Chemist: 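There's a structure below that I have some questions on.
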Number of protein chains: 2
Amino acid sequence: MQLPPLVQTFVLHFGEMGSRWGINRTVGQIYAVLFVAERPLNADEIVARLGLSRSNVSMGLKELQAWKLVRLQHVPGDRRDYFSTPEDIWQIVRTLVEERKKREIDPTLTMLRETLMQVPQSDAEVHAQARLREMHDLLELLTGWYADMQRLETDRLVDLLTLGSKVQKMLELKDRLLPRGRKVREDDGR
Amino acid sequence: MQLPPLVQTFVLHFGEMGSRWGINRTVGQIYAVLFVAERPLNADEIVARLGLSRSNVSMGLKELQAWKLVRLQHVPGDRRDYFSTPEDIWQIVRTLVEERKKREIDPTLTMLRETLMQVPQSDAEVHAQARLREMHDLLELLTGWYADMQRLETDRLVDLLTLGSKVQKMLELKDRLLPRGRKVREDDGR
DNA sequence: TCGCATTTTCAGGAATTCCTGAAAAGTGCG
DNA sequence: CGCACTTTTCAGGAATTCCTGAAAATGCGA
């Protein structure tokens with residue numbers, strides 16, 4: 001592995017973390033290298049930095065592209081493929097959450113809806129369905145909230161996150177100032 | 001596997017999902033069985049339902065306990081250990097997020113802070129540090145927000161999530177009503 | 001303390017996932 | 001078209017993770 005020490009620390013850590021998230025270690029490392037690179041890199045440059053086989057890097061890049069975490073680019077006068085991560089880190093977060101939702105949450109919601117349609121054949125099934133409904137409703141609430149957040153511009157989103165629970169206090173304040181304000185909470189339902 | 005069909009669908013799906021999240025399939029299945037169970041189950045009951053070996057179930061339960069996702073209980077007059085998941089699904093979410101933060105985010109923040117302390121030895125390292133700082137600041141913002149949310153009672157949290165981006169509109173409204181309101185955003189810093 | 005019920009540990013085989021080199025396929029230029 | 005360069009595919013070996021049965025440890029009542 002041919003990397004400045006500081007970068008190496010990060011790349012190894014990121015690879016480990018990746019493997020706890022169902023992404024394999026080398027894919028995590030490839031991503032990490034691209035994330036800190038000053039310019040787009042081609043596959044051979046990644047091979048040189050990480051000491052993996054060419055084919056492994058090719059497969060890793062393919063997977064990262066499938067996740068839309070990495071962008072393919074071309075350098076004029078060079079036939080090779082170059083890859084980079086988005087400059088904007090919030091864009092990365094958005095993509096990551098969106099893809100995970102698509103692959104994991106959405107199919108789970110579908111499965112939950114299907115099992116909730118079935119007619120329970122026993123007490124055990126009645127109880128199980130009640131639990132599954134709780135899980136379903138929770139995921140619906142979270143995905144609804146997420147859809148809202150995804151729609152905000154980044155600056156607004158950062159404002160909200162920075163406020164944190166102070167939002168809560170401000171809403172109470174607002175309710176005192178504007179007693180009919182509760183209406184705002186109920187109109188325009190999702 | 002000896003389960004009502006509806007439960008079986010859920011258990012198998014949950015096992016698959018678990019394996020995409022770095023949790024192994026059988027641990028996911030054990031959790032799923034406990035989640036929909038009407039009462040706490042002992043290890044042999046889980047063995048009967050899932051057709052795993054006794055020792056595998058023992059290891060799985062140990063892992064779930066380490067994650068605090070499962071509670072050990074005793075039934076009067078019975079020496080065996082019984083296990084259950086919390087009734088309150090929001091409690092489950094809180095535990096899950098807390099544990100993942102502790103195991104993944106916190107060590108990552110530590111690593112990022114350490115690499116940011118180092119003196120860069122090259123342009124590549126200067127640029128890498130800038131990227132790592134972006135990631136660090138992002139994680140700090142998110143964990144700060146999370147700490148705030150964790151502190152709210154569940155009902156308040158659900159209110160905020162239900163509001164979604166409408167919070168944004170309400171804050172704008174509030175700023176119009178109470179021009180000096182911005183002060184509220186800046187005092188009492190975290 | 002013994003005996004029984006229960007849980008835990010762990011070595012090693014099974015299953016799965018990962019990684020590689022070699023070969024095939026794709027691509028654009030002369 | 002033919003060639004050189006590049007990427008992709010894939011069979012099979014390497015590495016890792018998972019799972020099991022047997023044995024050890026634990027806990028409790030008599």
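Residue numbers start from 1 in every chain, and the chains themselves are labelled A, B, ... in the order their sequence lines are given, proteins ahead of strands. The shown structure was predicted, so the numbers you read here are calculated from the model rather than taken from an experiment.
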Chemist: Can you see if the side chain of B:Ser58 gets near the phosphate of C:dT7 - specifically, an N or O under 4.0 Å from OP1 or OP2?
Modeler: no
Chemist: Tell me: CG of A:Asp78 to P of D:dT6, nearest whole Å?
Modeler: 7 Å
Chemist: Whole angstrom is fine here: how far is it from CZ in B:Arg80 over to P in C:dC4?
Modeler: 18 Å
Chemist: Would you classify B:Asn42 as touching base, sugar-phosphate or nothing, given that sugar-phosphate means primed atoms plus P, OP1 and OP2, and contacts are heavy atoms under 4.0 Å?
Modeler: nothing
Chemist: To the nearest angstrom, how far is A:Phe83 atom CZ from D:dT6 atom C1'?
Modeler: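 Rounded to whole Å, this separation is 11 Å.
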Chemist: Among pairs that include at least one residue of residues 123-134 of chain B, which meet salt bridge (Lys or Arg N to Asp or Glu O under 4.0 Å), considering only residues two or more places apart or in two chains?
Modeler: B:Arg131-B:Glu134
Chemist: Does the cation-pi check pass for B:Arg100 over B:Trp67, that is, NZ or CZ under 6.0 Å from the six-membered ring centre and within 45° of its axis?
Modeler: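 The answer is no; the distance or angle limit is not met.
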Chemist: In the hydrophobic clustering (ILVMFWY, side-chain contacts below 4.5 Å, transitive), which residues join B:Trp21, or is it alone?
Modeler: A:Trp21
Chemist: List the protein contact pattern of nucleotides 15-30 of chain D with one symbol per nucleotide (5' to 3'): B for base contact, S for sugar-phosphate-only contact, - for none; contact means a heavy-atom distance under 4.0 Å.
Modeler: ---SSBB-----BB--
Chemist: CG of B:Asp44 versus P of C:dT7: gap in Å, rounded?
Modeler: 7 Å
Chemist: Connecting only ILVMFWY residues whose side-chain heavy atoms lie within less than 4.5 Å of each other, what is the rest of B:Val126's hydrophobic cluster?
Modeler: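 For B:Val126, no cluster forms, as it stays isolated from other hydrophobic side chains.
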Chemist: Strictly below 4.0 Å: does A:Lys62 bring a side-chain N or O up to OP1 or OP2 of D:dT9?
Modeler: yes
Chemist: Rounded to whole Å, please give me the gap between OH in A:Tyr82 and C1' in D:dT6.
Modeler: 12 Å
Chemist: So which residues get pulled into B:Val75's cluster when ILVMFWY side chains under 4.5 Å apart are joined, directly or through others?
Modeler: B:Tyr82
Chemist: Would you mind listing the cluster partners of A:Met17? Hydrophobic ones only (ILVMFWY), side-chain contacts under 4.5 Å, chaining allowed.
Modeler: none
